[in-house]
Structures are given as C-alpha cells and as structure tokens.
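Notes follow the structure.
Start at 1 and go down the list; that is how both ligands and their atoms are numbered.
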Amino acid sequence: MKFNTKTIHGGQEHDPAYGAVMPPIYQTTTYAQTTPGGHKGFEYSRTHNPTRKALENAFASIENGNYGLAFGSGLAAIDAVIKLLEPGDEVISTSDLYGGTYRLFTSIYEKFGIKFHFIGMDKAANIESYVNAKTKLIWVETPTNPMLNIIDIKAVSNVSKKHNLLLAVDNTFATPYLQQPLGLGADIVMHSATKYLGGHSDVVMGALMVNDKDLAAQLYFIQNASGAICGPQDSFLVLRGIKTLHIRMQRHCENGRAVAEFLASHPKIEKVFWPGFETHPNHAIARDQMNDFGGMLSFTTKGNNYEESIKIVEKLKIFTLAESLGGVESLSGHPASMTHASIPKEEREKTGVVDSLIRLSVGIEDEEDLINDLKQALS
Ligand code: P1T
C-alpha cells in the first residue's frame, strides 16, 4: 500500500459489530467479562481501547512501523521514551529542539540522575566524542524547532548502531509524508500528534512508532503502568485527521515555499530559515532525506529588534499569534518569549533563537492572502 492510501486505510478494518466504516468512539472505561479473564481482548481503557487501538494501528502504518502507541500529549510520548532509561544513563540530544522537550529533560529527568548532552548534530562525527559506556539514547529532532536545521538521520543511525544505542527521532515537523525515520535507521519515531497528524488544532496528543517487538513491549508496559494515555474522542479525531494528511501536507509545502520566497525577497528581512533554499546549510541532506520541505519556517528582521518583532506578530491578521503549529490555519509565534522561553537566553541565542526571530506555521489557506497579510504586517 502506498503512503496516500495508508493514511486512509492503513491498519484499519471495518467495525466488526455493525460494519461501521469509521471506528466507533468506544466511550467506555471497562468491558464485561463472562468469567474472570473471559473477555474479548479488552479489559480496562487505560490498557486498551478499541478506538485508540484503531488509531495506534494507523500510527504504525503511516510510519512504516510494526507498532504504534498513542499518548495524552507529545511530551507524554517523550516521557515514555526517557522512562526506558535508568539513573546514571546518558542521552545525546540535538541542541536546537522544542523548549518543552528541553524542559522535560533538564527540569524533570536530570534530577533522577539522567545526564543530557545538547550538541549540534550537523556532523554525525561530532556525536562520537560524547559516547561513553553510560550512553543509551540519541535524541534527534529534524527539522528542528524553531531553526529548521536538518539532521542526517542515516548518518546518526550509523553511530547509534555502531555503539548499540537507541535512536529516537521527533518527526513532528516533517510528518511521515516528508520523511520516515524508521527506514533511515531510527529505532523510535515520536510525534506531537497535536500538530500535523491531528491537523486541525483541536486535540493534544503524542505518538510513538517502533519496529522492534521487545522495545514495543517495554513501551506498552510504560504506557499502561504510567497511564499517560489519550481518550477515545481524541483518538477518533486524530484518526480522522490522518486521513487527509497527504493532501494537507502537499498544500502546506506549496504555501511554505511561496511564503519563504516572498520573505527572502523582502527588504526588512535579514534571514529566512527554510530548508528548501539552496543556501540553507543542510539543503543537500533535506533534499535527500525529505520528499519536500514542509510548511514551517522562521525568519529574523534587520536590526534584531525585539519590539519590532512583537509589532509584526501583533499586526498579522490571517496568521494567528499562538503557540503550536501544523494545523490547517496559519499561525505565527515569537519563540524567544513563547515556545522557547523555558530555555535560558544564553542557551537559546547560541542556537539562533534571537529576539527578532519569528516562526510561521504556514497553513493551507490561499497563498495570495497569506502573502498580503505578511506584506501589511511588515509595512
Ligand atoms: O505539545 P505536545 O503535544 O506535548 O508536544 C510537544 C512537542 C514535541 N516536539 C515538538 C517538535 C514540538 O513542536 C512539540 C510542541 N510544540 C509546540 C507546542 C510549539 O508551538 O512549538
């Protein structure tokens, strides 16, 4: 089955009770048993729920994985991955990543004795100097949030395989429409399904996809034992969202390109961070690794003026100033004061998150309307 068909049919079967084409929302906590243990595969909805199961099958299918797991948020999914580790273990992570992921790693897990190294992964060889006997996991976000750096997943997986480490890839910005990390050597794919997979800014959810049976069993154990699951209504909504992922992504990519090119030609703009430009430092990897360049981009204005950037995001009308990304509607954000405020100023400026940086999640509205909105806000 090809990707565009998988988004609609992958891992799905019609409901056995009445043949419903969409899985019913099984709004139930528990399931009748005829005798202790005599049930139809479902006992309690923290452990299993038929609507969540249908979604988890879809998750596995679109990432070409054998197993999918759904969580109550993207961070809950990341949390489950870190729970595979033990005190004393070390993690090597990209330095430019979502602020909430950084906060989870440093404010929660460092105090349980897990050590995190945040490094640039432009060159996979850089990683090896941080590997020691305690290293267990490499955490990669690509494209990175909000700088749109691209990490070569295959090159990083050569390092993880050589040293017998787990490689997890946060595929939120790309989605499986653009890249499928399991096929490039990753062990775990993670999504904030809140974004493109849900696609309509109405559900907070996380996803993990894996191939290995034992790894899947450990993660299912954590999912049930820690209990950070999502409910059946939300499962239904994300399953519905996935059915149009391919056509939404196609338009996100087209509009993303148009907006990136418009901004790059605007006299007030200093720099546009979008991997589709040949001048982007990781363009060659992006071209090899991704099917297109996505709908996310960031830019800085000349003079790096904090107040001016705030004025621009306030003036935008179609681009709503809001946290989050990946919905059908265009959003703008000011990472230094919003999504990445939990990263100390000194740390975030090292990765390029300066005061004038504005991030855009380019939606699927009319391209001309989006460009006119940016024109008026920059005027
Ligand atoms: O918000 P949540 O569903 O828990 O997902 C966290 C997360 C993980 N990884 C990436 C790459 C993300 O972008 C996010 C969430 N990001 C935002 C809310 C944001 O505006 O960047």
- Nearest non-hydrogen partners of Leu182 and Met209, listed with the distance: CD2-O, 4.0 Å
- Give a yes or no on whether the backbone of Pro267 and the side-chain of Lys302 come within a donor-acceptor separation of less than 3.5 Å. yes
- Ser356 and Glu308: side-chain donor and acceptor closer than 3.5 Å? no
N/O to N/O under 3.5 Å, ligand 1 against protein:
{"residue": "ligand 1", "atom": "3 (O)", "partner": "Gly74", "partner atom": "N", "Å": "2.9"}
{"residue": "ligand 1", "atom": "3 (O)", "partner": "Ser192", "partner atom": "OG", "Å": "2.8"}
{"residue": "ligand 1", "atom": "3 (O)", "partner": "Thr194", "partner atom": "OG1", "Å": "2.6"}
{"residue": "ligand 1", "atom": "4 (O)", "partner": "Gly74", "partner atom": "N", "Å": "3.1"}
{"residue": "ligand 1", "atom": "4 (O)", "partner": "Leu75", "partner atom": "N", "Å": "2.9"}
{"residue": "ligand 1", "atom": "5 (O)", "partner": "Ser192", "partner atom": "OG", "Å": "3.0"}
{"residue": "ligand 1", "atom": "9 (N)", "partner": "Asp170", "partner atom": "OD2", "Å": "2.6"}
{"residue": "ligand 1", "atom": "13 (O)", "partner": "Asn145", "partner atom": "ND2", "Å": "3.0"}
{"residue": "ligand 1", "atom": "20 (O)", "partner": "Ser324", "partner atom": "N", "Å": "2.7"}
{"residue": "ligand 1", "atom": "20 (O)", "partner": "Arg359", "partner atom": "NH2", "Å": "2.9"}
{"residue": "ligand 1", "atom": "21 (O)", "partner": "Asn145", "partner atom": "ND2", "Å": "2.9"}
{"residue": "ligand 1", "atom": "21 (O)", "partner": "Arg359", "partner atom": "NH1", "Å": "2.8"}
{"residue": "ligand 1", "atom": "21 (O)", "partner": "Arg359", "partner atom": "NH2", "Å": "3.3"}

- Should the ring pair Tyr109 and Phe112 be called parallel, tilted or perpendicular, given that the plane angle runs from 0 to 90° and is split at 30 and 60? tilted
- side chain to side chain donor-acceptor pair (under 3.5 Å): which pairs involve residues 231-254, sequence neighbours left out? Thr7-His246, Thr244-Arg248
- Side chain Ser298, main chain Pro146, donor-acceptor under 3.5 Å: yes
